[in-house]
Protein chains: 2
Amino acid sequence: MAATLERESPAADVHLGELRDSLGFLMRLGQLRVFEDYFEALGPYGMRPGEFSVLVVIGHNPGIRQGVLAARLMIKRAHITKVIRGLEDQGLVTRRIPDEDRRVVELTLSRKGQAFVAERAEALHAFDFSVPAGMTCKERDQLVHLLQKLLGLSKGDT
Amino acid sequence: MAATLERESPAADVHLGELRDSLGFLMRLGQLRVFEDYFEALGPYGMRPGEFSVLVVIGHNPGIRQGVLAARLMIKRAHITKVIRGLEDQGLVTRRIPDEDRRVVELTLSRKGQAFVAERAEALHAFDFSVPAGMTCKERDQLVHLLQKLLGLSKGDT
DNA sequence: TATTGTTATACTCTATAACTATA
DNA sequence: TATAGTTATAGAGTATAACAATA
């Protein structure tokens, strides 16, 4: 009963047909499922997945250019602008326009941003090491590994 | 160059830190990646993933109740109402309120809806059997299998 | 009272294109 | 001319709560 947020109907025996083997369909539903668990575990900490991943990546790449960040996170340029401004307004992120190329924006975590991430790192870590219902720990690791391959992260850098 | 829709920056060597092993993060990016391929392959056919999966499931479950459909597809009741009305306006779906329980709505594909799905089934099938760049066919199947486990579809019905 | 679906509202995310300033 | 970022606008998707009809 903790599986779905809104399980007012028994969706048990529904025939999915070809969707049952569709990677796109399974990825979509799988993401919803995992995010459900994510919000259950981390919602109280006031972190939304998208924004938090932006903070983590900036934290690991001080001075990263906004466009590079957007490309890596598959966020559109027009959208990342809004996200970054939001984080800047909260005092979590610092923008800097370097003299070498005054078109680009370099991003860094502020003291407050570093603290914000640090405070939530443990909860995120705990969640990431939890095992989804119905899977073994080994299967979870295998899933993570295959997703890394799908995304071309297998032997790339951390 | 076919990988990302908007690759205006070399997002190559970005450090992801703990995100690299985060199931939620990987599922989110993975879904975006797969949907990118999906739109590239099936966009011309005028199918959006969400709506199309609704049609396929109704096709495989004639007379399915709206609430059951929503629960299975993890769509909120308030949202499925709009989706179904849109499909009804296009003449693809038929709604029926049975006399046994006049609260519920039973959904069926119209002739036109059946044709719509049939016309696109082959393209979908071809896409679902394609292998994402960087993966072997075996790895793709393994990924599908693990996602089915994550979603509790392993031994359930079709 | 509980259930099913609907309506209304607001917010997030995405998509697109036009714009600026810099190179 | 090309690039990096911004702005504006529209649309899709989602979340929430209040509501009507029916059970």
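Chain letters run A, B, ... following the sequence lines, proteins first and then strands; every chain starts at 1.
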Distance in angstrom units between B:Phe52 CZ and D:dA12 P, rounded | 18 Å
Protein-nucleotides 10-14 of chain C N/O pairs closer than 3.5 Å?
| unit_1 | atom_1 | unit_2 | atom_2 | d |
| --- | --- | --- | --- | --- |
| C:dT14 | OP2 | A:His79 | ND1 | 3.4 |
| C:dT14 | O4 | A:Lys82 | NZ | 3.3 |

Between side-chain atoms of residues 113-125 of chain B and protein atoms elsewhere (two or more places apart, or another chain), which donor-acceptor pairs fall under 3.5 Å?
| unit_1 | atom_1 | unit_2 | atom_2 | d |
| --- | --- | --- | --- | --- |
| B:Arg120 | NE | B:Tyr45 | O | 3.0 |
| B:Arg120 | NH1 | B:Phe116 | O | 3.0 |
| B:Arg120 | NH2 | B:Tyr45 | O | 3.2 |

Which nucleotide in the list D:dT6, C:dT6, D:dT16 gets nearest to the side chain of B:Ala78?
-> D:dT16
In whole Å, what is the span from the CD1 atom of B:Ile97 to the C1' atom of C:dT3?
-> 15 Å
Distance-only donor-acceptor hits, side chain of residues 81-97 of chain A, under 3.5 Å, sequence neighbours excluded:
| unit_1 | atom_1 | unit_2 | atom_2 | d |
| --- | --- | --- | --- | --- |
| A:Thr81 | OG1 | A:Arg77 | O | 3.1 |
| A:Arg96 | NH1 | A:Glu106 | OE1 | 2.6 |

Under the salt bridge (charged side-chain N to carboxylate O under 4.0 Å, His left out) test, which residues partner A:Asp101, sequence neighbours left out?
-> A:Arg103
Residue whose nearest DNA chain D nucleotide is more 5′ - A:Phe39 or A:Ile84 | A:Ile84
Side chains of residues 47-56 of chain A: which donor-acceptor pairs under 3.5 Å do they make with residues two or more places apart or in other chains?
| unit_1 | atom_1 | unit_2 | atom_2 | d |
| --- | --- | --- | --- | --- |
| A:Arg48 | NH2 | A:Glu51 | OE2 | 2.9 |
| A:Ser53 | OG | A:Pro49 | O | 3.4 |
| A:Ser53 | OG | A:Gly50 | O | 2.7 |

Give the rounded distance in Å between these two atoms: CZ of B:Arg85 and P of D:dA12.
-> 14 Å
Let me know the distance between CD1 of A:Ile80 and P of D:dT7, rounded to the nearest Å.
-> 15 Å
Just how far, in rounded Å, is P of C:dT22 from CZ of A:Arg65?
-> 16 Å
When you compare the protein's N or O atoms with those of nucleotides 19-22 of chain D, which come within less than 3.5 Å of each other, and at what distance?
| unit_1 | atom_1 | unit_2 | atom_2 | d |
| --- | --- | --- | --- | --- |
| D:dT22 | O3' | B:Arg102 | N | 3.4 |

Nearest-nucleotide check on DNA chain D, B:Glu100 vs A:Val104; residue mapping nearer the 5' end is A:Val104
For D:dT6, does either OP1 or OP2 sit under 4.0 Å from a side-chain N or O belonging to A:Thr81?
-> yes
Kindly indicate, with the supporting measurements, whether the criterion side-chain contact (heavy atoms from CB on, under 4.5 Å) is fulfilled by B:Leu23 and A:Met135.
-> CA-CA 13 Å; B:Leu23 186 56; A:Met135 299 190 86; 5.8 Å; no
